[in-house]
Amino acid sequence: MASMSFSANFTSPLHTKNSSSSSWPPMSSSFPFIKSPLGASKSAFMQHGFSFQTPKLSGFLSKSRASGVCARAATEKTIHDFTVKDIDAKDVPLSKYKGKVLLIVNVASKCGLTTTNYSELSHIYEKYKTQGFEILAFPCNQFGGQEPGSNPEIKQFACTRFKAEFPIFDKVDVNGPTTAPIYQFLKSNAGGFLGDLIKWNFEKFLVDKNGKVIERYPPTTSPFQIEKDVQKLLAA
């Protein structure tokens, strides 16, 4: 097949004139998104046999081009093997969430996506928390400096303004040399359209009851759009 070149300077098709100019990075994709079997938004490019190379190829299982699913890491490790710090700097072993469906999301307080995501996250958490569902929120200040506050300030913002009752953890890096180990694991198990990179605030990972990463959703996929996928895993 003849080689093809791509520009990394895409414009998001989901960015509208009403969106905040700081709510989406200039490198986001202009390619149309399609639904995966569990509802994740994927690039239509994947349906035609194109993919981006990621630097971490060892241990990956190749899937058919026609499936449109990114390669996933072959590893026995699960989310339950990690210990993280919560927003009060206390160690939390994620093994405490064994048997629960998890939605893991990097959050920010000053993003154009903040109000919609926090409101919808709080809604679905309230709806499914008694059925074995948890949301794990990790503040991150790597995208436009939109999470600049201290941990107490972040906690007050989320809990006071949006009545968030789901766990909020210590601020972390999700890209670069200081990426938190849990995000190294998440990204290696669910490559995105731009490979390992988290693209912006509110990217989401869905994890099953056994601690395995099932799906990855771009920032513009709202929590309400993921609800059916959550229901399927809860019923499994």
Side-chain angles (χ1 to χ4, degrees), residues 8-15 19-20 22-31 33 36 39-43 45-46 51-57 60 69-73 75 77 79 82 84-85 94 102-114 116-118 120-121 135-148 154 158 166-207 212-223 225-226 229:
N9 188 20
F10 305 137
T11 302
S12 168
L14 298 169
H15 182 82
S19 301
S20 167
S22 61
S23 66
W24 190 253
M27 69 177 182
S28 55
S29 164
S30 64
F31 300 122
F33 291 112
S36 75
S41 296
K42 302 290 184 184
S43 167
F45 250 57
M46 297 300 183
S51 63
F52 284 89
Q53 292 284 352
T54 67
K56 299 179 182 178
L57 294 177
F60 271 69
V69 180
C70 296
R72 297 184 181 276
T75 175
K77 205 168 189 179
I79 283 292
F82 292 87
V84 297
K85 288 190 179 297
L94 297 186
L102 306 178
L103 186 64
I104 301 176
V105 52
N106 58 298
V107 299
S109 301
K110 299 181 182 297
C111 179
L113 301 173
T114 297
T116 298
N117 275 269
Y118 260 118
E120 293 187 11
L121 287 169
I135 294 171
L136 310 185
F138 287 86
C140 178
N141 194 42
Q142 289 187 297
F143 305 102
Q146 295 176 348
E147 190 69 294
I154 295 169
F166 47 82
I168 302 175
F169 294 87
D170 187 29
K171 191 188 297 188
V172 297
D173 282 351
V174 299
N175 288 330
T178 57
T179 297
I182 186 174
Y183 267 88
Q184 292 175 356
F185 172 81
L186 290 169
K187 294 190 296 182
S188 69
N189 278 264
F193 181 67
L194 295 177
D196 280 352
L197 288 176
I198 300 295
K199 292 182 286 296
W200 201 247
N201 306 305
F202 297 100
E203 193 149 330
K204 304 163 188 77
F205 293 85
L206 188 62
V207 178
K212 296 291 187 180
V213 182
I214 299 301
E215 285 295 345
R216 176 177 179 171
Y217 309 86
T220 47
T221 300
S222 77
Q225 291 176 292
I226 301 172
D229 296 350

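In this chain, residues are counted from 1 in sequence order. Computed from a predicted structure; not experimentally measured.
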Could you pull out the closest heavy-atom pair between [X] and [Y], with the gap in Å?
X: K110; Y: P148; answer: CE-CG, 3.8 Å
X: K77; Y: F82; answer: CE-CZ, 3.9 Å
X: A108; Y: C140; answer: CB-O, 4.3 Å

Listed partners of [X] passing side-chain hydrogen bond (donor to acceptor under 3.5 Å, both in side chains), at least two apart:
X: K204; answer: N117
X: T179; answer: none
X: N106; answer: none
X: D170; answer: N151

For the backbone of [Y] and the side chain of [X], can you confirm whether one donor and one acceptor N or O come within less than 3.5 Å of each other?
X: S109; Y: I154; value: no
X: K171; Y: E147; value: yes
X: K187; Y: V174; value: yes
X: N175; Y: I198; value: yes

side-chain contact (heavy atoms from CB on, under 4.5 Å) assessment of F143 paired with K199: CA-CA 8 Å; F143 305 102; K199 292 182 286 296; over 6 Å; no
Nearest 0.5 Å, please: how far is CG in L206 from CZ in R216?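 One gets 13.5 Å once the value is rounded to the nearest 0.5 Å.
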Distance check, rounded to the nearest 0.5 Å: L103 atom CG versus E215 atom CD?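 CD of E215 is found 11.5 Å from CG of L103.
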Looking at residues at least two apart in the chain, or sitting in another chain, which of them share a side-chain contact (heavy atoms from CB on, under 4.5 Å) with D173? Q142, T178
Which one of I135, I226, T116 satisfies the side-chain contact (heavy atoms from CB on, under 4.5 Å) criterion with L121?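 With L121 as partner, I135, I226, T116 yield a single side-chain contact (heavy atoms from CB on, under 4.5 Å), made by I135.
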Within a strict 4.5 Å, meaning less than it, do heavy atoms of the Y183 and F205 side chains meet? yes
Just wondering, do F185 and V213 contact through their side chains at under 4.5 Å, heavy atoms?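 Yes - at least one pair of side-chain heavy atoms lies under 4.5 Å apart.
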Evaluate the side-chain contact (heavy atoms from CB on, under 4.5 Å) criterion for residues T114 and N201: first the C-alpha distance (whole Å), next the side-chain angles of each, then the deciding distance (0.1 Å), finally the verdict. CA-CA 8 Å; T114 297; N201 306 305; over 6 Å; no
So C111 and F202, side-chain contact (heavy atoms from CB on, under 4.5 Å) or not? Walk me through it. CA-CA 9 Å; C111 179; F202 297 100; 4.3 Å; yes
Please name all residues satisfying ring-ring contact (aromatic ring centres under 6.0 Å, His included) with F169, sequence neighbours left out, ordered by chain then number. F138
Residues L94, I182; criterion side-chain contact (heavy atoms from CB on, under 4.5 Å); working and verdict: CA-CA 10 Å; L94 297 186; I182 186 174; 3.4 Å; yes
